[in-house]
*Asks:* 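Here it is, the structure, as structure tokens.
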Amino acid sequence: MERVWTIVLTLLAILVAHCAAIAAFCPPDRDIAPISGDNDDSPASFCDCHMAHTAPWGLPAVTIDCQGRELLSADLEDLLLPVAAEELTLAWNNLTSAPTLSANQHLRTLTLAHNAIASVEGAPFARLPNLRLLDLSSNDIATLSDDAFEGLPHLEHLSLARNRLKGLPSNVFSGLFVLGHLSLSENPLADFLSQENLFSYTGITRDLKTLQVAKCNLSKIHLDEDWPVSKLVLSSNLFQGVPDIPISVRSLDFGGNLLKRIEPDTFPPLPELEELQLDNMRLLKTVKADAFLSVSSKLRRLSLEGCRNLTAFDVFALGNSTRDEYPLPLQEVSLRGCRLRKIPAITFSRAENLTRVQLAGNPLTCDCDVEWIHDLDHDTGAQCGLPVILRGTLIAELDMEQFHCDTVKSWFYNILNGLIVFVLLCVCGVAIYFIVMRLKPSRRHAVQKLAMASPYARVTIQPNRAEHL
């Protein structure tokens with residue numbers, strides 16, 4: 001009986017402490033609570049608190065939103081979190097260092113984005129062992145200590161994007177045993193990633209599935225090809241070719257780089273690739289035959305939006321096999337914002353499951369090659385660039401007669417044009433022959449010197465009349 005009462009009293013004590021902590025954040029009569037400021041000279045800062053009731057015997061889950069409250073690091077030094085607090089947002093404040101919060105076993109999400117944190121040192125999150133998501137993006141972080149993320153064995157999502165990191169300590173991520181999503185985008189990491197292998201040097205485990213390294217001015221990167229990464233973002237860097245990347249990648253964002261053409265050897269074999277984004281490649285002009293053959297076996301979505309200089313997309317860019325031999329699983333294609341004039345139906349003829357094509361912004365020539373676009377059952381946004389009379393008109397709004405091509409007539413005109421060109425070449429040849437013959441000296445003339453000081457002059461040689469006597 002005494003043991004039962006002991007358990008009951010312990011639970012009551014925990015409940016009272018939890019209610020007291022909640023009362024510090026969320027008084028019963030309002031949704032916001034002061035977390036600093038005790039007098040008129042120091043105005044209070046407030047947080048929005050939301051409680052979600054769980055089972056009757058459980059503690060209510062608490063979500064605390066303190067963003068945009070102009071909080072300083074000193075305001076959080078002695079802050080006690082409610083026991084069942086699951087999410088804490090401290091974004092858009094004036095924090096200059098990562099706060100060392102009170103111990104909490106329930107906190108799952110901590111957002112510290114858009115502050116002025118300059119470094120992360122001394123394992124500030126070690127008392128939050130069940131943290132799943134940590135957002136440190138959009139700060140001024142230039143350095144990380146070796147133990148910056150110590151004590152976070154369950155962390156799955158870490159964002160360090162938009163900071164000032166030039167390098168990473170050795171094995172800095174080795175204690176993050178289940179890290180699945182890592183964002184390092186918009187950091188000046190070009191020199192570091194061109195020299196060190198990101199995976200082995202920083203101690204990333206093989207549970208990592210998503211890696212984002214966009215806008216880092218990269219021209220080289222070392223990644224193990226056998227690492228089981230599913231999503232890789234390398235967009236808006238300075239790559240002039242596709243580096244060696246893990247063959248397990250299913251989603252690759254390589255847009256905004258400096259490729260001028262895509263050829264059969266541009267992409268390494270990526271047998272698991274399902275989504276390929278090549279948007280906003282301002283230097284890209286040509287996509288050649290078999291350019292996507294090495295990545296097309298499972299490719300479902302292809303995007304080349306905003307490639308303003310792309311004028312040539314080969315009809316066999318996805319390979320020239322027949323539909324029966326090798327059908328494509330392609331479902332979505334976006335060529336919006338390019339400069340293509342012709343996209344024949346054969347280009348995607350092997351894509352039996354194609355359900356969406358985006359072609360807005362291309363100056364297409366509205367002839368028989370675009371009839372297949374008119375027949376699609378969804379809006380492609382395609383417009384006519386030529387002929388001039390149809391410029392700006394949506395292809396979906398045209399009548400079939402306005403761009404219908406008579407195949408017999410087309411063959412006739414092709415043959416006629418060929419004959420005309422042949423006749424013109426013959427006439428030019430005859431004219432050149434007569435001009436050459438006209439300029440050639442006659443056999444009835446010779447050059448003879450008339451005197452020591454006289455110039456050469458033409459002398460007419462008369463036939464020998466003696467032979468007629």
Side-chain angles (χ1 to χ4, degrees), residues 259-266 281-293 304 307-323 325 335 338-350 359 361-375 382-393 395 398-447 456-461 463:
L259 273 66
K260 296 181 179 179
R261 63 186 63 85
I262 301 178
E263 300 177 331
D265 59 348
T266 298
M281 302 185 75
R282 65 182 186 276
L283 300 182
L284 183 62
K285 296 181 178 180
T286 305
V287 177
K288 296 189 175 181
D290 296 332
F292 300 113
L293 182 61
L304 290 107
C307 298
R308 298 299 303 169
N309 290 310
L310 180 59
T311 57
F313 192 95
D314 195 277
V315 295
F316 296 123
L318 295 163
N320 58 4
S321 300
T322 63
R323 180 192 299 249
E325 292 176 352
L335 294 169
C338 299
R339 292 179 58 192
L340 300 174
R341 293 194 177 275
K342 288 186 176 293
I343 307 177
I346 192 176
T347 306
F348 305 112
S349 61
R350 292 167 47 217
L359 300 171
N362 288 280
L364 297 172
T365 300
C366 288
D367 56 14
C368 56
D369 285 337
V370 300
E371 285 189 20
W372 70 278
I373 300 176
H374 183 276
D375 295 337
Q383 295 179 324
C384 296
L386 291 174
V388 177
I389 194 173
L390 297 177
R391 180 172 296 170
T393 305
I395 292 178
L398 293 175
D399 295 329
M400 296 295 291
E401 293 78 9
Q402 290 181 275
F403 55 83
H404 181 70
C405 295
D406 189 337
T407 305
V408 176
K409 187 180 294 185
S410 298
W411 274 104
F412 173 76
Y413 283 131
N414 289 336
I415 295 174
L416 181 61
N417 290 335
L419 289 174
I420 292 174
V421 171
F422 178 75
V423 170
L424 288 175
L425 289 175
C426 292
V427 171
C428 291
V430 172
I432 292 173
Y433 173 78
F434 280 110
I435 292 173
V436 171
M437 294 303 296
R438 180 68 181 85
L439 296 176
K440 187 176 181 180
S442 174
R443 294 181 179 180
R444 296 177 57 86
H445 299 81
V447 177
Y456 290 98
R458 188 173 67 177
V459 177
T460 302
I461 301 175

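Everything numeric in this text was worked out from a predicted model, so none of it was measured. Residues: numbered from 1 along the sequence shown.
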*Asks:* I'd like to check Leu335 versus Leu359 (side-chain heavy atoms, cut-off strictly below 4.5 Å). Are they in contact?
*Replies:*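 With C-beta onward as the side chain, the pair touches.
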*Asks:* Is it true that atom CD1 of Ile389 has more than 12 heavy atoms of other residues, nucleotides or ligands lying nearer than 6.0 Å?
*Replies:*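 Open.
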*Asks:* So, for Leu304 and Cys307, which heavy atoms are closest and what is the spacing to 0.1 Å?
*Replies:*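 Minimum heavy-atom contact is O-SG, 3.4 Å.
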*Asks:* Taking all atoms of both residues into account, what is the closest heavy-atom pair of Leu259 and Ile262, and its distance?
*Replies:*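 Answer, listing the atom of Leu259 first, then Ile262: CD2-CG1, 4.4 Å.
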*Asks:* Write down the atom of Ile343, the atom of Trp372, and the distance for their closest heavy-atom approach.
*Replies:*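 Shortest heavy-atom contact: O-NE1, 2.7 Å.
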*Asks:* How far does CG of Asp369 sit from CZ of Arg341, to the nearest 0.5 angstrom?
*Replies:*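 Here the interatomic distance stands at 13.5 Å.
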*Asks:* If you measure from CZ on Arg308 to CG on Leu284, what distance do you get to the nearest 0.5 Å?
*Replies:*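 Atom-to-atom, Arg308:CZ and Leu284:CG are 13.0 Å apart.
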*Asks:* Find the distance between NZ (Lys288) and CG (Asp265) and round it off to the nearest 0.5 Å.
*Replies:*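 So the gap between those two atoms works out to 9.5 Å.
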*Asks:* Got Leu310 and Arg339 here, is their nearest side-chain heavy-atom distance under 4.5 Å?
*Replies:*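 Answer no - side chains too far apart.
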*Asks:* Is a side-chain N or O of Asn309 found less than 3.5 angstrom from the main chain of Leu283, in a donor-acceptor match?
*Replies:*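 Checked: no pair found.
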*Asks:* Ignoring hydrogens, what is the shortest heavy-atom contact between Ala289 and Pro264? Give both atom names and the distance.
*Replies:*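 Heavy-atom minimum between the residues: O-CG, 3.3 Å.
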*Asks:* For the NE2 atom of His374 and the CD1 atom of Ile395, what is their distance to the nearest 0.5 Å?
*Replies:*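 Rounded to the nearest 0.5 Å, the NE2-CD1 separation comes to 9.0 Å.
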*Asks:* Could you report the tightest heavy-atom contact between Gly319 and Leu293, atom names first, then the distance?
*Replies:*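 Heavy atoms of Gly319 and Leu293 come nearest at CA-CD1, 4.0 Å.
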*Asks:* Any heavy-atom pair between the side chains of Leu390 and Val388 that's under 4.5 Å?
*Replies:*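 No, every pair of side-chain atoms sits at 4.5 Å or beyond.
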*Asks:* I need the Leu340 CG to Leu364 CG distance, nearest 0.5 Å.
*Replies:*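 Going from CG on Leu340 over to CG on Leu364, the span is 7.5 Å.
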*Asks:* Taking side chain as C-beta onward, heavy atoms only, is Cys366 less than 4.5 Å from Thr393?
*Replies:*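 Heavy-atom side-chain distance check fails, nothing below 4.5 Å.
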*Asks:* Is it true that atom NZ of Lys342 has more than 12 heavy atoms of other residues, nucleotides or ligands lying nearer than 6.0 Å?
*Replies:*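 Yes.
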*Asks:* Is the side chain of Arg391 donor-acceptor paired with the backbone N or O of Leu386 at a distance under 3.5 Å, no angle test?
*Replies:*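 No: the side chain of Arg391 does not pair with the backbone of Leu386.
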